[in-house]
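Here's the structure, in structure tokens; my notes come after.
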There are 2 protein chains.
Amino acid sequence: MPHPLDSFFAPSSIALIGASRDHEKIPGRLLSMLRKNEFPGRLYPVNPNYGDIDGLKCFPSIADVGQPIDLAIIVIPARAVFGALEQCAAAGVRNAVIISSGFAEEGGDSAAMQQAIVALARKAGMRISGPNAEGFYSEIQRVAATFSPTVDVKPGELRLVATKKRIGIVAQSGGIGFAFYHRARALGIALSYVVSAGNESDLGAGEFFEYMVQDPSTDVILLFLEGIRDVDQFLAAARRAAETGKPVIVTKVGRSGAGERAAASHTASMAGWSAAYDAVFARYGFIISNDLDEAVTIAAVLTTNPLPKGDRVAVLTVSGGAGIWGADTVAMQGLQVPELSTPIQQEIGKLLPSYGSARNPIDVTAQGVTSGGLQNSIDLLAASDEVDAILVVLSLSSETRMPFKEAELKPVISAQHKPIVFYSYTLPSRFARTELAASGVVVLSGLTHVGVALRQIRARAKFALARPAKGDALASRDLSAHLTSAAMSEFDSKSLLRAAGIALAEEALVTEKSALDAAIARAGFPLVMKIQSPDIPHKSEVGGVRVNINTKGEAFIAYQALLDNARKHRPDAAIQGVLVGPMAKKGVEIIIGTMRDATFGPMVMVGLGGITTELFRDVVYRPAPVSAGEAATMLSELKAAPLLRGFRGAAGTDVAALCDLIEQVSLLAARLRHDVAEIELNPVLVHPQGQGVTVVDALVVRKG
Amino acid sequence: MPHPLDSFFAPSSIALIGASRDHEKIPGRLLSMLRKNEFPGRLYPVNPNYGDIDGLKCFPSIADVGQPIDLAIIVIPARAVFGALEQCAAAGVRNAVIISSGFAEEGGDSAAMQQAIVALARKAGMRISGPNAEGFYSEIQRVAATFSPTVDVKPGELRLVATKKRIGIVAQSGGIGFAFYHRARALGIALSYVVSAGNESDLGAGEFFEYMVQDPSTDVILLFLEGIRDVDQFLAAARRAAETGKPVIVTKVGRSGAGERAAASHTASMAGWSAAYDAVFARYGFIISNDLDEAVTIAAVLTTNPLPKGDRVAVLTVSGGAGIWGADTVAMQGLQVPELSTPIQQEIGKLLPSYGSARNPIDVTAQGVTSGGLQNSIDLLAASDEVDAILVVLSLSSETRMPFKEAELKPVISAQHKPIVFYSYTLPSRFARTELAASGVVVLSGLTHVGVALRQIRARAKFALARPAKGDALASRDLSAHLTSAAMSEFDSKSLLRAAGIALAEEALVTEKSALDAAIARAGFPLVMKIQSPDIPHKSEVGGVRVNINTKGEAFIAYQALLDNARKHRPDAAIQGVLVGPMAKKGVEIIIGTMRDATFGPMVMVGLGGITTELFRDVVYRPAPVSAGEAATMLSELKAAPLLRGFRGAAGTDVAALCDLIEQVSLLAARLRHDVAEIELNPVLVHPQGQGVTVVDALVVRKG
């Protein structure tokens with residue numbers, strides 16, 4: 001199906017505005033890159049100073065071209081860009097890449113110039129990438145609309161291609177986008193497109209991502225993000241990628257204070273809060289990677305292998321020590337390296353010397369290469385139902401020797417129905433890469449990265465897009481009466497939650513001593529009593545909480561003490577009264593929270609309660625709302641998940657009730673996104689299976 | 001100072017027993033490697049089948065050489081090795097490397113052959129490396145006593161050397177040892193020795209390590225271990241390395257079930273328990289790395305830089321996105337990327353375009369390369385006291401362009417008093433590596449590895465070898481009376497601990513109801529009462545513990561219930577009585593344990609108590625005994641350390657008392673190593689500062 005951006009990524013004609021003869025400078029390099037990469041369409045250099053450049057006719061202005069132009073590449077000083085674009089619009093140019101710098105990233109006047117450009121493009125129906133962009137490269141259509149030295153073509157150098165599948169790269173940094181390309185190409189990974197987003201005045205990373213998702217020539221997508229601007233396009237594309245099963249590998253930078261500081265100014269983006277990004281990535285099954293080589297390794301494995309159907313990995317090696325290391329690395333990633341059955345051990349053992357091992361790791365020893373034991377083991381393991389993936393660990397540094405014959409290896413790789421991954425502990429030679437590429441094999445050289453890739457593709461195989469939250473899990477009610485005051489006490493917060501339809505234990509707000517008896521009678525001993533004031537969010541800090549009250553006498557003393565303490569510590573606080581309720585049954589302490597992210601809006605968080613949440617940072621986020629099913633996934637990602645399932649012989653807890661509560665709270669946060677900044681239920685006690693949950697304390701924070 | 005192994009590593013003469021003309025096979029390759037690497041000493045091929053090999057006189061037997069021989073390299077079938085060694089002994093050969101396989105790694109007869117060899121060597125005073133070894137390589141003396149293809153010399157290829165310092169490699173896997181060498185050499189790291197340990201019949205990894213520690217030509221040591229056999233040599237060398245400040249990077253494999261399974265059989269080693277290895281490594285300040293490239297990156301940084309004096313890193317880049325990524329990566333490792341002061345920002349800003357940034361990360365932009373901003377920033381940051389290390393992030397893929405001039409860069413690098421580390425996000429070209437090597441710079445290409453390296457060298461800078469435990473922290477007493485029974489109850493265990501001099505709360509073992517009153521009077525309410533039986537190690541599982549007893553009535557009921565429960569659940573258990581003591585004051589729950597490791601003997605462990613220990617695996621080990629100072633280091637390594645320091649406004653705890661207790665328990669475990677398998681104090685409650693600790697429960701497990 002044709003896409004509006006096809007004329008951008010696969011233009012039939014390109015005008016290069018600001019073309020130059022000087023190959024040392026960017027404008028000259030751009031023209032030479034386009035020509036060296038053998039762009040098959042029509043190419044129009046534009047520069048009033050030249051009649052021709054390197055034998056190609058040069059036009060004084062875009063108006064003089066007199067032919068349809070799909071793409072203009074603009075590489076002239078910032079101040080001249082607007083005029084050039086006006087000419088482009090007049091000439092009916094469909095798309096433009098503005099390489100020139102000096103716009104929004106500088107602020108002030110320059111930012112205003114960028115706004116003018118956007119307005120012009122909107123009016124003319126022209127799509128613009130940049131300014132301040134490094135451009136893009138299409139390996140399929142041979143469009144080198146970039147000055148990146150990485151797309152330079154060296155005379156006589158053959159492009160190494162090991163993969164049938166292609167990766168597409170969208171990067172909010174040209175330097176890094178093309179670094180991904182550079183490293184991927186060195187491994188023999190085929191590519192569709194590399195596009196750098198620049199200032200995203202019009203076309204943004206979300207829209208480029210959307211193009212890759214629908215593009216049939218892109219099989220795996222690699223994203224490098226500083227901060228998404230076109231959030232809606234991004235989210236729609238993310239959902240579509242998840243629905244269609246196209247894997248996405250993502251690097252999001254600006255995670256640290258310093259990184260965030262820089263990302264906020266660099267390319268004038270809004271870095272946002274990384275936890276929110278990770279939550280969105282988790283929802284759509286993105287593979288997060290914070291390392292260039294790791295991301296490229298994952299891409300390499302994805303473009304040369306099916307997804308694994310289980311966790312069991314065979315580690316096959318020619319060197320004992322390397323095999324042990326391979327097994328360790330895979331096991332550290334949570335995968336299994338099971339001992340093989342006796343029949344397959346015997347079968348493999350036939351071609352091994354006596355000091356080899358067929359157990360797993362399978363050490364065919366150096367001798368196994370010449371004896372045929374190595375290839376034979378691959379054949380057997382590829383056919384076996386005892387393992388779900390094969391990691392081959394060997395030395396591929398030789399410039400002349402190859403442990404495999406293409407006639408033997410290629411058929412196994414072509415027919416593979418499980419991942420077969422090749423790692424060399426010595427630096428792989430170009431010879432080995434080229435030889436193995438012919439069999440469809442990418443040689444990898446970072447063992448930890450390989451282990452991570454195996455874990456990630458296994459997780460990807462298990463990923464299922466969660467159903468959306470059911471709106472009817474929480475009735476739609478008018479809650480405006482509960483949102484009149486700026487600050488809310490626990491009582492106010494719980495009232496709001498109750499009104500919204502969230503089930504809470506019965507409690508009474510006692511405002512006069514005379515009402516205490518009745519409240520006690522309703523709650524029953526043991527009691528908990530808590531001071532209530534919108535001005536006292538942290539009650540225990542002022543001695544505002546009494547628990548385990550077992551007699552009327554204690555209750556009356558507590559009542560007075562709570563009021564006295566509040567008056568003493570916060571003389572100016574508006575006291576609503578004392579909340580009286582039953583002590584909750586025991587349960588696992590959980591915290592549920594919601595908050596708003598500047599980029600993605602309301603988020604929901606769940607974590608183990610108590611000091612451990614903070615100490616071990618054991619919390620999981622998702623964009624709100626979440627369905628109960630997605631809540632269950634969140635809980636399963638907690639390190640503390642075993643506590644909920646029943647730890648050390650304890651009974652399993654009512655996870656279903658907890659998931660329902662998370663769904664409801666997340667729905668509420670989404671509905672009240674304009675009025676409420678945060679909701680915190682802390683702690684929520686999760687009781688044994690079938691016995692529900694108790695929200696012990698709750699706080700709703702109004703939007704400031 | 002001369003060392004007995006000098007004649008091994010730097011032989012004046014080598015005999016190659018089993019030399020061959022066939023360069024395709026190992027014996028032939030060995031001779032050719034020795035010659036290609038231009039071994040400067042005398043070389044005697046030995047093989048009765050040849051008169052000469054490639055123009056070199058060949059001897060029928062070792063006896064025919066008639067000259068002193070420092071080193072014999074033996075590469076003949078296993079069955080012939082013993083005979084050859086007898087001839088070596090007779091000829092006065094000082095050292096031998098047995099490359100041949102087919103000994104202990106096969107078991108049975110072959111293992112016996114190895115024992116015979118060892119006996120012969122001991123008798124003759126000859127030192128032997130191997131059998132089943134890949135040999136060694138000395139870059140200094142040009143000794144290629146190995147068939148590893150990685151030491152092959154390609155005609156015309158120049159050895160890239162960027163470092164003045166050298167690394168020495170000791171590996172219990174030839175494949176991996178030479179893979180380290182191969183990767184290190186590609187980066188331009190100079191080496192002293194690479195030695196593979198093989199079966200370690202005589203010379204082991206510990207003794208090779210010891211050689212590297214005393215060797216003045218080795219500045220950084222890289223170890224690859226499967227399992228140490230010569231433990232005493234290893235530990236002595238480790239201590240000496242720590243004392244002399246020679247950095248050690250170590251990879252220990254066999255960490256996973258599968259890895260351990262393989263390591264136990266491979267090269268017939270005892271893999272041992274990885275936590276014990278890590279504890280030993282921690283004691284001596286070793287840098288642990290589980291990844292080949294990461295280890296080599298750390299080695300590269302150590303051989304080209306001083307250690308950093310603080311945590312503050314400047315990230316300097318030519319590409320905004322890459323700089324942010326660099327800052328993130330460094331920050332994720334716990335280092336600081338502080339914003340620079342206004343004066344230095346202004347100074348740096350002078351040579352930046354308006355869209356650059358001098359804040360940190362410092363983005364001089366692509367323009368900063370030509371404007372001089374890049375070099376100028378390095379100069380300023382190298383001289384500044386605002387940062388302790390500099391990470392330069394740039395693209396070094398070009399085969400022709402170089403962003404630095406040697407005349408400008410080299411003086412800064414030569415005079416550097418803080419680490420200056422260079423990372424290229426594109427794949428670095430050989431040209432860039434060579435150019436920068438001239439200035440003493442190694443170009444790194446794995447960003448996460450660089451981040452880890454910076455963290456590790458910072459940790460190394462802060463490392464101080466702990467003082468040994470003071471024997472007098474625990475009086476030496478005869479405890480044999482407490483070690484008469486095979487199984488011990490809490491009461492028995494605490495009696496032993498008390499007798500040893502460890503302070504515990506007063507408790508009474510009540511064996512008849514009539515004695516309960518007196519016990520209550522001594523302890524005072526509230527009480528805890530626990531059933532005592534050597535047959536009931538887990539008391540709470542049989543309803544054997546009652547806490548918070550506040551009245552005599554409750555105490556008498558509890559007494560009877562504890563006895564009844566024990567009889568009901570464990571009718572055959574020998575009941576000692578009921579332990580009556582005071583309830584402990586509140587405190588942070590800690591667990592202290594000791595256990596025995598097959599390789600290193602008694603170990604001591606400390607962790608956060610309660611379910612979290614198991615859930616988050618937050619425990620730290622050291623070899624026992626530890627001093628109170630080393631115990632404090634252990635505690636600081638716990639994720640839960642903030643709890644002890646006073647978390648969320650809570651008071652700090654009596655860490656000093658806890659450290660004293662850990663020292664005492666570890667001393668006891670070390671003294672009782674032959675009688676006691678485990679000691680567990682769980683929980684130990686750590687009270688507020690000055691209020692000590694309470695050992696709530698304790699169990700001593702006898703050695704089986």
Side-chain angles (χ1 to χ4, degrees), chain A residues 101-102 105-106 149-150 172-173 175-176 179 182-183 186 224 226 253-259 261-263 265-267 291-293 319-325 327-328 331-332 337 339 354-355 357 359-361 363 395 397-398 425-427 446-448 611-612 615-616 639-640 642-643 647, chain B residues 101-102 105-106 149-150 172-173 175-176 179 182-183 186 224 226 253-259 261-263 265-267 291-293 319-325 327-328 331-332 337 339 354-355 357 359-361 363 395 397-398 425-427 446-448 611-612 615-616 639-640 642-643 647:
Chain A
S101 294
E105 75 276 16
E106 296 201 1
T150 61
Q172 287 183 316
S173 155
I176 295 299
H182 193 236
R183 292 188 184 226
F224 178 85
E226 296 179 10
V253 297
R255 289 174 177 274
S256 63
R261 185 167 71 226
S265 59
H266 179 240
T267 64
D291 187 272
L292 229 163
D293 283 326
S319 158
I324 298 168
W325 206 348
D328 276 359
M332 299 292 168
V337 185
E339 186 161 354
S354 54
Y355 52 94
S357 168
R359 295 174 78 185
N360 193 16
D363 179 7
S395 172
S397 59
S398 172
Y425 44 91
T426 49
L427 283 178
L447 184 54
T448 306
I611 48 158
T612 38
L615 210 52
F616 298 101
K639 293 192 202 85
L643 279 185
F647 189 55
Chain B
S101 294
E105 75 277 15
E106 297 200 358
T150 60
Q172 287 183 316
S173 156
I176 295 298
H182 193 237
R183 293 187 183 227
F224 177 85
E226 296 179 9
V253 297
R255 289 175 177 272
S256 63
R261 185 168 72 226
S265 59
H266 179 240
T267 63
D291 186 272
L292 229 162
D293 284 323
S319 158
I324 299 167
W325 205 347
D328 276 359
M332 299 291 168
V337 185
E339 186 161 355
S354 55
Y355 52 92
S357 169
R359 297 173 76 184
N360 194 15
D363 179 7
S395 173
S397 59
S398 172
Y425 44 91
T426 48
L427 283 178
L447 184 54
T448 306
I611 50 159
T612 37
L615 211 51
F616 298 100
K639 292 191 201 85
L643 279 185
F647 190 55

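Note on naming: letters A, B, ... go to the chains in the order of the sequence lines (proteins, then strands), and numbering restarts at 1 for each one.
Interface remark: B/Ser398 contributes no atoms to any contact with chain A (heavy atom separation under 4.5 Å). Heavy atoms closer than 4.5 Å to chain A are found in the side chain of B/Ser101, but not in its backbone.
In this structure, the side chains of A/Ser397 and A/Leu427 stay at 4.5 Å or more apart for every pair of heavy atoms. Side-chain contact between B/Tyr425 and B/Leu447 is absent, with no heavy atoms from C-beta onward closer than 4.5 Å.
Most heavy-atom pairs under 4.5 Å with chain B: of the set A/Ser354, A/Gly446, A/Ala186, this distinction falls to A/Ser354.
Taking the ring-ring contact (aromatic ring centres under 6.0 Å, His included) definition, one finds that A/Phe224 meets it with B/Trp325, sequence neighbours left out.
Donor-acceptor pairing under 3.5 Å is recorded for the side chains of A/Thr448 and B/Asp291.
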